Amino acid sequence: MSLLDQIKIVLIETSHTGNMGSAARAMKTMGLSKLCLVNPIIKPDSQAISLAAGASDIIKQAQIVNSMDDAIADCQLVIGTSARLRHLEWPHLESDQSGQKMMEEALLGHKIALVFGRERVGLTNDELQKCHYHVSIPANPDYSSLNLAMSVQVLCYEIRMAYLALQQNKSTVHHELEYPKSDDIERFYCHLEQTLLQTGFINPNHPGQIMGRLRRLFTRARIEQQEINILRGILTSIERDKK
């Protein structure tokens with residue numbers, strides 16, 4: 001199996017089926033084949049097939065799910081695209097760095113999701129907080145509007161370049177790290193919030209204020225599987241003590 005097969009392109013609530021087809025075409029030109037559609041406004045249709053222009057197999061085999069959580073549940077690395085800076089600063093990658101990072105993780109056998117938001121408003125803050133990194137394309141600041149399919153093309157190109165560079169350098173060092181899957185991380189955050197509510201550390205009326213910053217802290221640290229097991233053990237011991 002190719003390293004590129006470990007990467008899935010995730011499109012959230014796409015409203016124009018033509019963008020699905022164009023994104024599929026962009027993917028196939030760069031050797032990517034896994035497409036996941038999250039709650040598409042309109043299911044793929046003849047226009048999607050037409051604009052896929054030879055990549056209709058990607059459209060026909062696309063996974064369709066109801067939520068971002070479903071799309072990224074099996075992934076150890078999630079990168080979200082963002083065209084603008086958010087209030088809460090998050091670990092950020094340049095477009096070329098994103099390709100390199102995905103190849104590094106693919107070498108470890110990890111599954112990866114590259115997530116694109118809605119055509120008009122992109123990803124929500126909640127969705128971006130589910131990502132390990134944010135990536136943006138350094139477009140002209142005076143006119144930075146990129147079509148969804150164009151954005152997919154640019155970032156798939158960066159993946160391709162990183163992949164080709166890797167093929168030319170077979171001496172790349174393999175690091176044996178195990179990172180938790182996205183759904184394991186979400187279970188940890190639920191456990192953490194529940195425990196902090198139980199101890200009275202966070203305000204039950206406004207838990208998001210603290211939890212958002214804690215998410216950023218643990219995302220920046222990029223906790224490993226053993227570390228998340230230790231943290232959940234600590235939370236369990238606190239709960240047991242409170243009882």
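For reference, positions follow the sequence shown, starting with 1. Being a predicted model, the structure only gives us computed values, none of them experimental.
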Next item on the list: Report the residue from V152, I58, I64 that forms a side chain to side chain contact (heavy atoms under 4.5 Å, CB included) with L35.
Entry: I58

Item checked: Partner of I159 under side chain to side chain contact (heavy atoms under 4.5 Å, CB included), chosen from K101, M30, M103, M27 -> M103

[Y] reachable from [X] in the ILVMFWY side-chain graph, under 4.5 Å edges:
{"X": "L217", "Y": "F201", "answer": "yes"}
{"X": "F116", "Y": "I41", "answer": "no"}
{"X": "I42", "Y": "I49", "answer": "no"}
{"X": "L51", "Y": "I59", "answer": "no"}
{"X": "L164", "Y": "L4", "answer": "yes"}

Item checked: Step-by-step side chain to side chain contact (heavy atoms under 4.5 Å, CB included) determination, L155 to S95 -> CA-CA 6 Å; L155 293 179; S95 56; 3.7 Å; yes

Would you kindly say whether [X] and [Y] are connected by a side-chain donor-acceptor distance under 3.5 Å?
{"X": "H92", "Y": "S136", "result": "yes"}
{"X": "T17", "Y": "D45", "result": "yes"}
{"X": "N229", "Y": "Q225", "result": "yes"}
{"X": "D70", "Y": "S67", "result": "yes"}

Checklist line | side chain to side chain contact (heavy atoms under 4.5 Å, CB included) assessment of V10 paired with L114 | finding: CA-CA 6 Å; V10 179; L114 177 58; over 6 Å; no

Notebook entry, point to check: Could you walk me through whether D184 and R232 pass the salt bridge (Lys or Arg N to Asp or Glu O under 4.0 Å) check?
Noted result: CA-CA 11 Å; D184 290 332; R232 293 205 65 177; over 6 Å; no

For the student: nearest non-hydrogen atoms of [X] and [Y], plus distance:
{"X": "A71", "Y": "V38", "result": "CB-CG2, 3.7 Å"}
{"X": "W90", "Y": "G212", "result": "CZ3-O, 4.0 Å"}
{"X": "I228", "Y": "P180", "result": "CD1-CG, 4.1 Å"}
{"X": "C36", "Y": "K8", "result": "CB-CD, 4.3 Å"}
{"X": "A113", "Y": "I72", "result": "CB-CG2, 3.9 Å"}

Just wondering, are more than 12 heavy atoms of other shown residues or ligands nearer than 6.0 Å to [atom1] in [X]?
{"X": "M150", "atom1": "CE", "answer": "no"}
{"X": "Q226", "atom1": "CD", "answer": "no"}
{"X": "R215", "atom1": "CZ", "answer": "yes"}
{"X": "N140", "atom1": "CG", "answer": "yes"}
{"X": "K111", "atom1": "NZ", "answer": "no"}

Any side-chain heavy atom of [X] within less than 4.5 Å of one from [Y]?
{"X": "C156", "Y": "M161", "result": "no"}
{"X": "P40", "Y": "M20", "result": "yes"}
{"X": "D183", "Y": "D69", "result": "no"}
{"X": "I185", "Y": "F218", "result": "no"}
{"X": "L11", "Y": "I9", "result": "yes"}
{"X": "P44", "Y": "L37", "result": "yes"}
{"X": "N39", "Y": "I12", "result": "no"}
{"X": "E94", "Y": "V135", "result": "no"}

Item checked: Any donor-acceptor pair under 3.5 Å from T195 side chain to H191 backbone -> yes

Note to self: Test your reading of the model: is there a side-chain donor-acceptor pair from K28 to the backbone of S33, 3.5 Å cut-off?
What the structure shows: no

Check: Is there a side chain to side chain contact (heavy atoms under 4.5 Å, CB included) between T124 and L128 once you walk through the steps?
Finding: CA-CA 6 Å; T124 67; L128 283 166; over 6 Å; no

Can you tell me how far [atom2] of [Y] sits from [atom1] of [X], rounded to the nearest 0.5 angstrom?
{"X": "I230", "Y": "E224", "atom1": "CD1", "atom2": "CD", "answer": "9.5 Å"}
{"X": "Q6", "Y": "C75", "atom1": "CD", "atom2": "SG", "answer": "10.5 Å"}
{"X": "Q209", "Y": "R213", "atom1": "CD", "atom2": "CZ", "answer": "9.5 Å"}
{"X": "K181", "Y": "R187", "atom1": "NZ", "atom2": "CZ", "answer": "9.5 Å"}
{"X": "T219", "Y": "K130", "atom1": "OG1", "atom2": "NZ", "answer": "11.0 Å"}
{"X": "T29", "Y": "Y157", "atom1": "OG1", "atom2": "OH", "answer": "11.5 Å"}

Item checked: Worked verdict on Q100 versus D96 for side chain to side chain donor-acceptor pair (under 3.5 Å) -> CA-CA 7 Å; Q100 295 164 12; D96 58 336; 4.5 Å; no

Next item on the list: Verify side chain to side chain donor-acceptor pair (under 3.5 Å) between H16 and Q47, making sure each step is shown before the conclusion.
Entry: CA-CA 9 Å; H16 300 291; Q47 185 182 26; over 6 Å; no

Next item on the list: Verify side chain to side chain contact (heavy atoms under 4.5 Å, CB included) between Y133 and V78, making sure each step is shown before the conclusion.
Entry: CA-CA 7 Å; Y133 297 93; V78 182; over 6 Å; no

Next item on the list: Evaluate the salt bridge (Lys or Arg N to Asp or Glu O under 4.0 Å) criterion for residues E105 and R222: first the C-alpha distance (whole Å), next the side-chain angles of each, then the deciding distance (0.1 Å), finally the verdict.
Entry: CA-CA 12 Å; E105 299 271 337; R222 193 71 198 285; 2.9 Å; yes

Notebook entry, point to check: Strictly under 6.0 Å, is that where the ring centroids of Y179 and H110 end up?
Noted result: yes

Notebook entry, point to check: side chain to side chain donor-acceptor pair (under 3.5 Å) between S15 and E119: does it pass, once the steps are laid out?
Noted result: CA-CA 7 Å; S15 58; E119 285 96 336; 3.0 Å; yes

Next item on the list: Quick one: do R118 and E127 satisfy salt bridge (Lys or Arg N to Asp or Glu O under 4.0 Å)? Show the steps, please.
Entry: CA-CA 11 Å; R118 301 149 191 86; E127 289 163 347; 2.7 Å; yes

